[in-house]
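Chain letters run A, B, ... following the sequence lines, proteins first and then strands; every chain starts at 1.
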There are 2 protein chains.
Amino acid sequence: MRSLLANVRITVDEKVYLKDPESTTKGQQIIENSILLIDELGLESFTFKKLAEKIGTTEATIYRYFESKHMLLVYLISWYWNWLEYRLVFSTSNIASAEEKLRIAIRLLSGKVENDMDFAHISEVVLQRIVVAESAKAYLTKEVDADNKEGFFFSYKRLCKRISMFIQEINPAYKYPDSLVSTVAESAHYQIFFSKHLPSLTNIDDSKKGQLEDFLTDLVFKAIVK
Amino acid sequence: MRSLLANVRITVDEKVYLKDPESTTKGQQIIENSILLIDELGLESFTFKKLAEKIGTTEATIYRYFESKHMLLVYLISWYWNWLEYRLVFSTSNIASAEEKLRIAIRLLSGKVENDMDFAHISEVVLQRIVVAESAKAYLTKEVDADNKEGFFFSYKRLCKRISMFIQEINPAYKYPDSLVSTVAESAHYQIFFSKHLPSLTNIDDSKKGQLEDFLTDLVFKAIVK
DNA sequence: TGGAACACAATAGTAATACTATTGTTAAAA
DNA sequence: TTTTAACAATAGTATTACTATTGTGTTCCA
């Protein structure tokens, strides 16, 4: 059995693309290979020209799917957050305890990927590396307000709100549920990045995934305790 | 009285520049105006050509001080962390309590700037905005390992270690002092950014500075409690 | 079965970017 | 006085991030 999710498709809001890349094989190739190429080259050195060469087409074709490199990044990141939200809803569906749901959310944010939740042309593990290293660049721009108005960050915001609600259920008096969730989400990313590249900034060992989850779980539950 | 610090100069490691910008008036103009222009245009739209026009010189002159736009960013950020470390050492100099020193560190990381600690040609408040919006771009690159080897992130790492030691003094058993410090440092940045641009991701009100300090102080002291 | 519509390859071109290299002038240091 | 330094001025390169146009094969559907 290849996947639990043969009939599930993660979708991304229409506004993000010019033409739905899920609707054609060329489009799927663009997604699949852009993930591999951004991971390999980094966002700065990644160009539509190089991507076009890799999939045997031309820049013009890619531009018919995505307005710009920036919008392709927004697409990949939105897909990632929608995927994470899907897994969160799935794995908390029959759980009553808000504490337990929050625990699961932190586990997912820390980067735990189950192999039976994969999609045909998306390398989730590689995509996660891209999200760690590049997602901040999607909003750290002068266009952030305009982009936000267009709803480009909606996937991320919705996921954070969902997790924030677990916290509010556990302790309605806690003053900073949204800040705590975004801190954990972002922290998860750069603690992974630091453990790989700037290890003196972290106590998390690159090879031991459980440590990050432990650090964040400890942080959150101590913070929100009544 | 213009400044407490007429005889103090914040220096940046030699490796970061080709020619010390503090050594000439042109160099100081480059620093002063690059801060203003990066803040105005954002790092992506900022170019040496535009900076050269602003200070009535040419690209070539700026290239004699800095190898690239990236190195200029590294310079500004290193200067910022050195400045923050100086203020930390200054304001904790005659304080014995590690708790109180940690409190002060968090206050500084949250962005509190005293007006009597300014330097002639550096707009500290504007520089802080740059650090919030652009500093992650200094290390989120494919060159991070090479840059780290060159010592480009030493200022940041040294400051974090210093604060981490306060935590280790308070609770030597706490497992994640370095991760906690880097989480607070980074969190301070994007909570400020979120409060301005993506307010649904935070409970911090852009206009109320004390909230961020309160959020982070609460987070840290609950985390490290024995 | 014919015709429209679509997907895309191929080609060309543009303004801007991130640099590098060279030369000549002026002013200050040895 | 000579040398050096600082820098303005100019020119030039490869690459990037696009836009525009045209032609061809395939698919849809009436």
| Yes or no on ring-ring contact (aromatic ring centres under 6.0 Å, His included) for B:Phe66 and B:Phe48, after CA distance, side-chain angles and deciding distance? | CA-CA 10 Å; B:Phe66 294 102; B:Phe48 278 7; 7.4 Å; no

For the pair made of [atom1] in [X] and [atom2] in [N], what is the distance, rounded to whole Å?
X	N	atom1	atom2	answer
B:Leu72	C:dT17	CG	P	16 Å
A:Leu73	D:dA17	CG	P	13 Å
A:Arg64	D:dT21	CZ	P	14 Å
A:Phe66	D:dA17	CZ	C1'	16 Å
B:Lys26	D:dA9	NZ	C1'	13 Å
B:Glu22	D:dA6	CD	P	15 Å
B:Leu51	C:dA16	CG	P	18 Å
B:Glu67	C:dT20	CD	C1'	12 Å

For [X], answer base if it contacts any base atom (sugar-phosphate contacts may also be present), sugar-phosphate if it contacts only those atoms, and nothing otherwise; contact means non-hydrogen atoms under 4.0 Å.
X	answer
B:Tyr63	base
A:Glu44	nothing
A:Lys69	sugar-phosphate

| query | Can you find a side-chain donor-acceptor pair between B:Thr202 and B:Ser195 that sits under 3.5 Å? | reply |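 Absent: no donor and acceptor within the cut-off.
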
| message | What I want to check is whether the side chains of A:Ser182 and B:Gln191 have a donor and an acceptor closer together than 3.5 Å. | response |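 Note: A:Ser182 and B:Gln191 side chains meet the donor-acceptor criterion.
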
| said: Applying the side-chain contact (heavy atoms from CB on, under 4.5 Å) criterion to A:Ser110, which one of A:Val184, A:Ile192, A:Leu212 satisfies it? | reply: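 Testing each of A:Val184, A:Ile192, A:Leu212 against A:Ser110, the sole residue satisfying side-chain contact (heavy atoms from CB on, under 4.5 Å) is A:Leu212.
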
| Which nucleotide in C:dC8, D:dC18, D:dA9 has an atom nearest any side-chain atom of B:Thr58 |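 Closest nucleotide among those given: D:dA9.
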
| task | Find which nucleotide of DNA chain D each of B:Thr61 and A:Lys49 is nearest to by heavy atoms, and output the residue with the more 5' nucleotide. | result |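 Going by which nucleotide is closer to the 5' end, it is B:Thr61.
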
Is any side-chain nitrogen or oxygen of [X] closer than 4.0 Å to OP1 or OP2 of [N]?
X	N	result
B:Lys19	D:dA6	yes
A:Tyr65	C:dC8	yes
A:Lys50	D:dT15	no

| said: I'd like to know if the side chain of B:Lys50 reaches the main chain of B:Ser45, judged simply by a donor and an acceptor atom lying under 3.5 Å from each other, with no hydrogens or angles considered. | reply: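 Checking the backbone N and O of B:Ser45 against the side chain of B:Lys50, a donor-acceptor pair under 3.5 Å is found.
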
